[in-house]
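Since the structure comes first, as structure tokens, the remarks are kept for the end.
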2 protein chains.
Amino acid sequence: MVRNTGQPAYLQIADDLRAQIRGGSLAPGTPLPSTTKLAERYDASLSVVKLAVGVLRTEGLVIGQQGKGVFVREAGELPPDPKAGDELAELRATVQDLAVRLAKVEEQLATSTTRRSGRSSR
Amino acid sequence: MVRNTGQPAYLQIADDLRAQIRGGSLAPGTPLPSTTKLAERYDASLSVVKLAVGVLRTEGLVIGQQGKGVFVREAGELPPDPKAGDELAELRATVQDLAVRLAKVEEQLATSTTRRSGRSSR
DNA sequence: CGAGCCAACTAGGTTAACTATGTTGCTCAC
DNA sequence: GTGAGCAACATAGTTAACCTAGTTGGCTCG
């Protein structure tokens, strides 16, 4: 599809969707058409549609929910499904994970250095 | 290299690079390692590296120049930190940094103390 | 010696296939 | 009628392959 504009297809699609969101055609909370539908509508491959959605996702304009769909983000607030997309919870989980792993590493290090195998380079 | 944080590989790489940029390891104006090099360094496929760079690109943190490389955006001209500036982003970066360093230590520990080939990410 | 070509790198775009995982609705057995 | 299980569909992630295009440096040939 597209071209002419010199812009890659996935950016054109992303721009179009972004315009629709900002223009109100796609209201906050409403789901975008499915990847397949968008691919048909824009006559593009699934891959470029996924790329386009990916751009909007990293921009924070939309939020993808596995199994359900991709929803337009409420400006400044969370979508009707405030699932575990919480950064704080994510961070906590990560920190917890790090703590456990650190403990293991420290343990290994303690037992291995006693017989002096300290083989730490770089 | 991946796993650990439960985050997808391309986001982990993006976060790592982002941390390096914000941390100063990658100064503005300097080029990132080439896609191939990054793929080797992170033991990831070219695809995920391209995805990671793509994320930073859409974030405006780096600018890709075909044929030359991907360069860190000059601080003055980068409007980034779109939603950041908050503690959360800082924390995130720090945690990410810790995760990377821990992963390295774990790797060293695994290769130096074990002769079970258990590890290795693909 | 110089001009031009060429080979080797680079990023970027596109496609396709496969996997994983989550959601939802239907059907079928009890 | 209810519950279990399944099938269909959704996003998400990963990989691989192929192509385009820009840059650079070296080599060759005139």
Side-chain angles (χ1 to χ4, degrees), chain A residues 1-17 21 26 29-73 79-86 90 93, chain B residues 1-17 26 29-73 120-122:
Chain A
M1 123 163 209
V2 217
R3 83 188 87 353
N4 296 0
T5 67
Q7 254 202 144
Y10 77 96
L11 282 186
Q12 288 184 45
I13 297 178
D15 283 347
D16 189 35
L17 293 175
I21 292 173
L26 287 171
T30 61
L32 270 61
S34 78
T35 310
T36 313
K37 303 280 178 54
L38 288 175
E40 289 172 4
R41 169 185 305 182
Y42 291 106
D43 191 24
S45 73
L46 289 178
S47 301
V48 309
V49 172
K50 293 213 288 186
L51 277 181
V53 173
V55 169
L56 298 182
R57 206 148 40 97
T58 73
E59 282 176 356
L61 266 180
V62 300
I63 295 184
Q65 292 184 38
Q66 225 176 224
K68 295 179 71 176
V70 179
F71 298 83
V72 179
R73 181 98 167 271
D81 253 52
K83 232 183 169 180
D86 189 13
E90 219 178 303
Chain B
M1 126 113 206
V2 184
R3 89 252 136 142
N4 296 5
T5 65
Q7 258 198 136
Y10 77 98
L11 283 186
Q12 287 185 46
I13 295 178
D15 283 347
D16 187 36
L17 293 175
L26 288 171
T30 59
L32 269 60
S34 77
T35 310
T36 313
K37 303 279 179 51
L38 288 176
E40 289 172 3
R41 169 184 306 183
Y42 291 106
D43 189 26
S45 72
L46 288 178
S47 302
V48 310
V49 172
K50 295 213 286 187
L51 276 181
V53 173
V55 168
L56 297 182
R57 209 151 32 99
T58 73
E59 282 177 356
L61 264 180
V62 300
I63 295 184
Q65 290 185 41
Q66 228 175 225
K68 295 180 73 177
V70 179
F71 298 84
V72 178
R73 195 104 167 261
S120 137
S121 40
R122 105 172 231 89

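Letters A, B, ... are given to chains in the order of the sequence lines, protein chains preceding strands, and every chain is numbered from 1.
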### Task
Considering non-hydrogen atoms only, spot the tightest contact between B/Pro33 and B/Arg41 and give its length.
CG-NH2, 3.7 Å
## Note on the structure
Looking only at heavy atoms, the pair that brings A/Ile13 and A/Ala44 closest together is CD1-CB, 4.0 Å
Residues in side-chain contact (heavy atoms from CB on, under 4.5 Å) with [X], at least two apart?
{"X": "B/Pro31", "value": "B/Phe71"}
{"X": "A/Leu51", "value": "A/Tyr10, B/Leu51"}
{"X": "A/Ser47", "value": "A/Ser45"}

Nearest-Å distance for atom pair [atom1]/[atom2], residues [X] and [N]:
{"X": "B/Ile13", "N": "D/dT15", "atom1": "CD1", "atom2": "C1'", "answer": "13 Å"}
{"X": "A/Phe71", "N": "D/dT11", "atom1": "CZ", "atom2": "P", "answer": "9 Å"}
{"X": "B/Leu11", "N": "D/dA12", "atom1": "CG", "atom2": "C1'", "answer": "11 Å"}
{"X": "A/Leu46", "N": "C/dT19", "atom1": "CG", "atom2": "P", "answer": "17 Å"}
{"X": "A/Lys37", "N": "D/dA10", "atom1": "NZ", "atom2": "C1'", "answer": "10 Å"}
{"X": "B/Gln7", "N": "D/dG13", "atom1": "CD", "atom2": "C1'", "answer": "13 Å"}
{"X": "B/Tyr10", "N": "D/dT14", "atom1": "OH", "atom2": "P", "answer": "7 Å"}
{"X": "A/Leu51", "N": "D/dT11", "atom1": "CG", "atom2": "P", "answer": "14 Å"}

### Summary
Taken in chain and number order and not counting sequence neighbours, the residues that satisfy side chain to side chain donor-acceptor pair (under 3.5 Å) with B/Thr58 are A/Thr58
### Summary
In B/S/- notation (B base, S sugar-phosphate only, - none; protein heavy atoms under 4.0 Å), nucleotides 17-24 of chain D written 5' to 3' is ----SBSS
### Task
Starting from the C-alpha separation in whole Å, work towards a yes-or-no answer on side chain to side chain contact (heavy atoms under 4.5 Å, CB included) for A/Leu17 and A/Val62.
CA-CA 10 Å; A/Leu17 293 175; A/Val62 300; over 6 Å; no
### Message
Check this one for me: any side-chain N or O of A/Ser45 less than 4.0 Å away from OP1 or OP2 of C/dT14?
### Response
no
### Message
Just N and O in the side chain of B/Arg57: are any of them under 4.0 Å from OP1 or OP2 of C/dA11?
### Response
no
### Query
Can you tell if the side chain of A/Val53 reaches within under 4.5 Å of the side chain of A/Thr35, non-hydrogen atoms only?
no
### Message
Considering only residues two or more places apart or on different chains, which pairs with a residue in residues 6-17 of chain A satisfy salt bridge (Lys or Arg N to Asp or Glu O under 4.0 Å)?
### Response
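Salt bridge (Lys or Arg N to Asp or Glu O under 4.0 Å) check on residues 6-17 of chain A returns A/Asp15-A/Arg18.
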Taking only N/O atoms, report every protein-nucleotides 6-8 of chain C pair under 3.5 Å with atom names and distance.
none

